[in-house]
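Notes to accompany the following structure.
All heavy atoms count here, side chains included; hydrogens, waters and symmetry mates do not. For ligands, and for the atoms within them, numbers begin at 1 and follow the listed sequence.
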Amino acid sequence: MQATRARPAGRGWEWFCWLYMRISAVVMIGLVLGHLYFMHIVNSTDTISHEFVSQRLATPFWRIYDLVILLFAMSHGVIGTRGIIEDYVRKPGLRRGLQWTLYVLSAAFTIAGIYVLVAFQPGQLSR
Ligand code: HEM
């Protein structure tokens, strides 16, 4: 059994994706550990409220932090899932259809996530 994908020959798009999967994985380990520490050790999920989220997103640091996690996780997930579709779906039409569905859905979720992070007004709903 092969644990990870073999490095593609040359320096083309496939090689870039292969490299990006590894770099994004390492970066995400740091980001996710920071997220875990702040959200689950410094604070507790039992006490997460709208006010807490509001205070957290009042600082540009956490907005940018969440945005970076979102972009890395989505791009890493899309490239990885694209590779799985390449591996298992043999019919070219179905493969293209599934990959475009993946791109459109992930673009929609990424845009929705960016919108929330950018447009969120701290304290807007708090009572
Ligand atoms: C700290 C977080 C993460 C780490 C360390 C990590 C690590 C990895 C590594 C090392 C690979 C193998 C790359 C390769 O063989 O080319 C991989 C593949 C993959 N990852 Fe992640 N990943 C993380 C988060 C995520 C997230 C959040 C998603 C989904 C949104 C995701 C989806 C995938 C997919 C679909 C693959 C392809 C699996 C395959 O080719 O069989 N990963 N990941």
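Counting non-hydrogen atoms of neighbouring residues, nucleotides and ligands closer than 6.0 angstrom, the CZ atom of Arg22 exceeds 12 such neighbours. Within a 6.0 Å radius of CZ in Phe109, no more than 12 heavy atoms belonging to other residues, nucleotides or ligands are found. A 6.0 Å sphere centred on OH of Tyr37 holds no more than 12 heavy atoms belonging to other residues, nucleotides or ligands.
Judged by distance alone, with hydrogens and angles left aside, the side-chain atoms of Trp18 form a donor-acceptor pair with the main-chain N or O of Arg5 at under 3.5 Å.
From the protein, the heavy atom lying nearest to atom 38 (C) of ligand 1 is Ile84 CD1, 3.9 Å. Of all protein heavy atoms, the one lying nearest to atom 7 (C) of ligand 1 is Ala25 CB, 3.4 Å. Here the heavy atom of the protein found nearest to atom 18 (C) of ligand 1 is Met21 CE, 3.4 Å.
Contacts of Arg22 with ligand 1, taken as heavy-atom pairs under 4.0 Å, involve the side chain alone. At a 4.0 Å heavy-atom cut-off, ligand 1 touches Met28 through backbone and side chain alike.
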Worksheet item: Can you list the steps and then say if Arg63 with Phe120 is a side-chain contact (heavy atoms from CB on, under 4.5 Å)?
Response: CA-CA 10 Å; Arg63 285 198 199 225; Phe120 182 79; 4.1 Å; yes
Worksheet entry | Arg82 and Glu14: CA distance, side-chain angles, deciding distance, salt bridge (Lys or Arg N to Asp or Glu O under 4.0 Å) verdict | CA-CA 11 Å; Arg82 167 189 160 269; Glu14 292 305 325; 2.4 Å; yes
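At a distance under 4.0 Å, no protein heavy atom can be found next to atom 11 (C) of ligand 1.
Ring planes of Phe61 and Tyr65: tilted class, angle from 30 to 60°.
Atom numbering of ligand 1 starts at 1 in the shown order; those under 4.0 Å from a heavy atom of Thr81 are 35 (C).
Counting only non-hydrogen atoms, the option in Ala73, Gly80, Ala6, Gly77 that gets closest to atom 37 (C) of ligand 1 is Gly80. Here the shortest heavy-atom distance to atom 20 (N) of ligand 1, taken over Arg5, His35, His76, belongs to His76.
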